[in-house]
2 protein chains.
Amino acid sequence: MRMSTKAQYAVRAMVNLNLYSDGSPVTLRDISLRESISLTYLEQLFVKLRRGDIVKSVRGPGGGYLLARPAKEIQVDEIIDSVEESLVPVSCMDQKRGCVCDDRCVTHNVWHGLAERIRDFLSSITLEELTLEAKGMPGKSKTNS
Amino acid sequence: MRMSTKAQYAVRAMVNLNLYSDGSPVTLRDISLRESISLTYLEQLFVKLRRGDIVKSVRGPGGGYLLARPAKEIQVDEIIDSVEESLVPVSCMDQKRGCVCDDRCVTHNVWHGLAERIRDFLSSITLEELTLEAKGMPGKSKTNS
DNA sequence: ATAATAATTGACAGTTTTAGTCGGGTATGT
DNA sequence: ACATACCCGACTAAAACTGTCAATTATTAT
């Protein structure tokens, strides 16, 4: 039960992007240096984040990435979804239209319930909250306990 | 974010063991046939389940496995812990004594909070509840929603 | 126009984890 | 003694993860 480093990187990169954004685009190179994530790997992640409507890109000199929406409207689960990291704990439940197990699904409800808790929690946290926390100014809701 | 099949097998096997237990030991061979899990793989899992005080073994002819404790006192998270499947979503938090990240733990609280939710949920479900559900006689608390 | 910047994309590879198999051993009841 | 069933560690094939590399396209500054 591990969150892949891909997902962890994506969240960290997004917090960093928002933290250092002043209206003009932020380059991946800057994020790469600040977060010690390889530039080429970040590129991979941001292609997916763009497709997921989390960021938008500005090409050419002075270009980079901007948030596609206000930080308040970006939830952590959306970031993870965008980099194609499943939040569902078992493979038979990947399809939207429910579990396709044909038999012996005694444990189905356990994983289904778990998936709900994970989703609920991660969708309750916004990028804005994480960024405020990173600034040492916790927002109105804390992420733990 | 996947629950390994090892953990899924362990939970399924435990439900099956309890379901077909009438006081005398249940052999892994029977569980293997009923759940279509390889016998040798089950052996691996049950060594760990025994060490985790989930089951106890009876050797020799007529032997097999029994629950080490009443089903009501066995929680799903204990089963998963026993087969050495971490329930903590990030590796830096594996140690009991907290996260050892030396820096940039902006996202720490997210994973910590997530770990708590996962633990809380899985510890709220007992083997007895799962077994009753499997019998088509849902217990007092449902596992989902 | 041209050059520099920066995103975009696909192919590829090393490493680690997972999911098992295999071959023996050990305890116990009949 | 012998069959049963647990016990244990080494080994392996496959998959996933975590990136790298090379080449391209779009945009802006000069």
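Per chain, numbering begins at 1; letters A, B, ... match sequence-line order.
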Nearest-angstrom distance from the residue atom CD of A/Gln44 to C1' of D/dT20: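 Rounded to whole Å, this separation is 9 Å.
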Separation of atom OH in A/Tyr41 from atom P in C/dG10, rounded to whole Å: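 Rounded to whole Å, this separation is 17 Å.
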Between the protein and nucleotides 6-8 of chain D, which nitrogen or oxygen pairs come in under 3.5 angstrom?
unit_1	atom_1	unit_2	atom_2	d
D/dC6	OP1	B/Leu28	N	3.2
D/dC6	O3'	B/Ser57	OG	3.4
D/dC7	OP1	B/Arg50	NE	3.1
D/dC7	OP1	B/Ser57	OG	2.5
D/dC7	OP2	B/Arg50	NE	3.4
D/dC7	OP2	B/Tyr65	OH	2.4
D/dC7	N4	B/Glu43	OE1	3.3
D/dC8	OP2	B/Arg50	NH2	3.0

side-chain hydrogen bond (donor to acceptor under 3.5 Å, both in side chains) against B/Thr5, all qualifying residues, sequence neighbours excluded: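 Applying side-chain hydrogen bond (donor to acceptor under 3.5 Å, both in side chains) to B/Thr5 gives none.
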Show me the side-chain donor-acceptor pairs of residues 18-29 of chain B shorter than 3.5 Å, one per line, residues at least two apart or across chains.
unit_1	atom_1	unit_2	atom_2	d
B/Asn18	ND2	B/Thr131	OG1	2.8
B/Asp22	OD1	B/Ser24	N	3.3
B/Asp22	OD1	B/Ser24	OG	2.8
B/Thr27	OG1	B/Asp30	N	3.2
B/Thr27	OG1	B/Asp30	OD2	3.4

B/Tyr9 side chain near C/dG20 phosphate (N/O to OP1/OP2, under 4.0 Å):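 For C/dG20, OP1/OP2 do have a side-chain N/O of B/Tyr9 under 4.0 Å.
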Phosphate OP1/OP2 of D/dT18: any A/Thr5 side-chain N/O under 4.0 Å: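 For D/dT18, OP1 or OP2 has a side-chain N or O of A/Thr5 closer than 4.0 Å.
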A/Leu39-A/Val47 co-clustered via ILVMFWY side chain contacts under 4.5 Å: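 Not linked; separate clusters.
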Partner residues of A/Lys48 under the salt bridge (Lys or Arg N to Asp or Glu O under 4.0 Å) criterion, sequence neighbours left out: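 Testing A/Lys48 for salt bridge (Lys or Arg N to Asp or Glu O under 4.0 Å), a comparison that skips the adjacent residues, returns A/Glu84.
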Aromatic plane relationship, B/Tyr41 with B/Tyr9 - under 30° parallel, 30 to 60° tilted, over 60° perpendicular: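 Ring orientation of B/Tyr9 relative to B/Tyr41: perpendicular.
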Terminal axis angle for the helix from C/dA1-D/dT30 to C/dT30-D/dA1, five pairs an end, nearest 10 degrees: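 Answer rounded to 10°: the end axes differ by 10°.
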Pairwise salt bridge (Lys or Arg N to Asp or Glu O under 4.0 Å) hits with a residue in residues 52-66 of chain A, at least two apart: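 Salt bridge (Lys or Arg N to Asp or Glu O under 4.0 Å) check on residues 52-66 of chain A returns A/Asp53-A/Arg69.
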